[in-house]
Trainee: 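Okay, here's the structure, questions in a sec.
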Amino acid sequence: MHKAGLLLGGCVWSWKSVRMASSGVARRNPLANKVALVTASTEGIGLAIARRLAQDGAHVVVSSRKQQNVDRAVAALQGEGLSVMGTVCHVGKAEDRERLVTTAVKLYGGIDILVSNAAVNPFFGNLMDVTEEVWDKILDINVKATALMTKAVVPEMEKRGGGSVVIVASIAAYTPFPLWMDKAREESLKEALRIRRLGEPEDCAGIVSFLCSEDASYITGETVTVAGGAPSRL
């Protein structure tokens, strides 16, 4: 009995447990005593999500490909009084995925939440110029590794009666979003958004916490777009 969610850099897909609907957790601390894994969570959206989950009561395990990044993020979040630990995890490596799961279980006794934030985008340009190697890397990390990471945590969630999975992606899944280097281009992009400002990592964090909470116990298999009103339909 599970529920799921997706966050697209602007978007979120959510998977979650019916058990949470009647858990009686106080709204002031909606994720109290939940255990959360967040991949690619030492900066940007991943770090903002890890911080928010911990602020809402969860024990959070952050991860990144580099030990120094993990150490820096853990120190910063623990310095804010949050329950956070971390470990190195390259999601494309089976041994790293296993270590991430084992670390959470060893430290906190189980897993209730997975936020899959790790992804790569190694190419910008014409689709016809994409090489086979680039396709392989994108599919390995963005698709296969996410599926295998989910497969690794589900048995632990089942031991606790259920859990939540949120997968973070990009608004570009709906509409190509150009890169820019100059202020003029940035201002024109803002004008194209209904909210008239560019998004911040923290703008994505609250919806993830909500999807992992009892308040979202009857939401599953949905995509939520966090994109300031940018076009978000296929």
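Quick caveat, the model's predicted, so the values are computed rather than measured.
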Trainee: Which ring-ring contact (aromatic ring centres under 6.0 Å, His included) pairs, counting each pair once, include a residue from residues 152-173, with sequence neighbours left out?
Mentor: none
Trainee: Drop me the distance from L53's CG to S83's OG, to the nearest 0.5 angstrom.
Mentor: 12.0 Å
Trainee: Check for a donor-acceptor pair, side chain of T39 on one end and backbone N or O of N117 on the other, with a separation under 3.5 Å.
Mentor: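 Such a contact is found between T39 side chain and N117 backbone.
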Trainee: Between the side chain of S41 and the main-chain N/O of S63, is any donor-acceptor distance below 3.5 Å?
Mentor: yes
Trainee: Hey, which of N142, T223, T146 is the one that makes side-chain contact (heavy atoms from CB on, under 4.5 Å) with I167?
Mentor: T146
Trainee: With sequence neighbours left out, write down each residue that passes salt bridge (Lys or Arg N to Asp or Glu O under 4.0 Å) with E43, or none if nothing qualifies.
Mentor: none
Trainee: Cut-off 3.5 Å, no hydrogens considered: what does the side-chain donor-acceptor table look like for residues 118-128, sequence neighbours left out?
Mentor:
residue	atom	partner	partner atom	Å
N126	OD1	M128	N	2.8

Trainee: State plainly whether one hydrophobic cluster holds both I49 and I207, where clusters connect Ile, Leu, Val, Met, Phe, Trp and Tyr through side-chain heavy atoms under 4.5 angstrom apart.
Mentor: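 Yes, it is one cluster - the side chains of I49 and I207 are joined through contacts under 4.5 Å.
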Trainee: Testing the basics here: between I141 and G92, what is the closest heavy-atom pair and its distance to 0.1 Å?
Mentor: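 Closest approach of I141 to G92: CD1-CA, 3.8 Å.
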Trainee: What about V115 and V91, same hydrophobic cluster or not, with Ile/Leu/Val/Met/Phe/Trp/Tyr joined at side-chain heavy-atom distances under 4.5 Å?
Mentor: no
Trainee: Take L107 and H59 through the side-chain contact (heavy atoms from CB on, under 4.5 Å) test and state the conclusion after the steps.
Mentor: CA-CA 9 Å; L107 289 173; H59 304 292; over 6 Å; no
Trainee: Supply the atom-to-atom distance R197 CZ to K190 NZ, rounded to the nearest 0.5 angstrom.
Mentor: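 Reported value, rounded in 0.5 Å steps: 10.0 Å.
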Trainee: Among residues two or more places apart or on two chains, list those pairs meeting salt bridge (Lys or Arg N to Asp or Glu O under 4.0 Å) that have a residue in residues 45-55.
Mentor: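 Residue pairs with at least one partner in residues 45-55: R51-E80, R52-D56.
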Trainee: With rounding to the nearest 0.5 angstrom, report the CD to CD1 distance, E133 to I138.
Mentor: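 Reported value, rounded in 0.5 Å steps: 12.0 Å.
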Trainee: Crowded around E187 CD? As in, over 12 foreign heavy atoms under 6.0 Å?
Mentor: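 Correct, the count exceeds 12.
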Trainee: Quick one: ring-ring contact (aromatic ring centres under 6.0 Å, His included) pairs with a partner in residues 134-157, sequence neighbours left out?
Mentor: none
Trainee: For V38 and G46, which heavy atoms make the closest approach, and how far apart are they?
Mentor: CG1-O, 3.8 Å
Trainee: How many angstroms lie between atom NZ of K93 and atom CZ of R65, to the nearest 0.5 angstrom?
Mentor: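 The CZ atom of R65 is 9.5 Å from NZ of K93, to the nearest 0.5 Å.
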Trainee: Using a strict threshold of under 4.0 Å (side-chain N to carboxylate O), is an ion pair present between D96 and R99?
Mentor: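 A salt bridge links R99 with D96.
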Trainee: Mind listing the closest non-hydrogen atom pair of T42 and S64 along with its distance?
Mentor: CG2-CB, 3.3 Å
Trainee: Each residue besides V143 in its hydrophobic cluster should be listed here, by chain and number; the cluster joins Ile, Leu, Val, Met, Phe, Trp and Tyr at side-chain heavy-atom distances under 4.5 Å.
Mentor: L139
Trainee: What I'd like to find out is whether the side chain of L47 reaches to under 4.5 Å of the side chain of V62, using heavy atoms alone.
Mentor: no
Trainee: Checking S209 against L31 for the side-chain contact (heavy atoms from CB on, under 4.5 Å) test, could you report, in this order, the C-alpha distance in whole Å, the side-chain angles of both residues, the deciding distance, and whether it holds?
Mentor: CA-CA 8 Å; S209 182; L31 302 180; 3.5 Å; yes
Trainee: With sequence neighbours excluded, give me every ring-ring contact (aromatic ring centres under 6.0 Å, His included) pair touching residues 71-101.
Mentor: none
Trainee: Same hydrophobic cluster for M149 and Y108, using side-chain heavy-atom links shorter than 4.5 Å among ILVMFWY?
Mentor: yes
Trainee: Once you round to the nearest 0.5 Å, how far does OG1 of T131 lie from CG of D136?
Mentor: 8.0 Å
Trainee: What is the distance from atom CG of L114 to atom CG of D112, rounded to the nearest 0.5 Å?
Mentor: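 Spacing of CG (L114) from CG (D112) equals 11.5 Å.
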Trainee: Enumerate donor-acceptor pairs with a distance under 3.5 Å from any side-chain N or O in residues 67-77 to protein atoms, sequence neighbours excluded.
Mentor:
residue	atom	partner	partner atom	Å
Q67	NE2	D71	OD1	2.8
N69	OD1	R72	NH1	3.2
N69	OD1	R72	NH2	3.3

Trainee: For A54, check side chain to side chain contact (heavy atoms under 4.5 Å, CB included) against everything at least two apart and list the hits.
Mentor: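 If we apply the side chain to side chain contact (heavy atoms under 4.5 Å, CB included) test to A54, skipping adjacent residues, the hits are V60, L82, V84.
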Trainee: Can you list the residues that meet the salt bridge (Lys or Arg N to Asp or Glu O under 4.0 Å) rule with E132, with sequence neighbours excluded?
Mentor: none
Trainee: Could you tell me which non-hydrogen atom of C89 sits nearest to which non-hydrogen atom of L100, and how far apart they are?
Mentor: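 For C89 and L100, the tightest heavy-atom pair comes out as SG-CD2, 3.9 Å.
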Trainee: Residues in salt bridge (Lys or Arg N to Asp or Glu O under 4.0 Å) with K66, at least two apart?
Mentor: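 Applying salt bridge (Lys or Arg N to Asp or Glu O under 4.0 Å) to K66 gives none.
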Trainee: Taking only residues two or more places apart in sequence or in another chain, which ones pass side chain to side chain contact (heavy atoms under 4.5 Å, CB included) with K159?
Mentor: E156
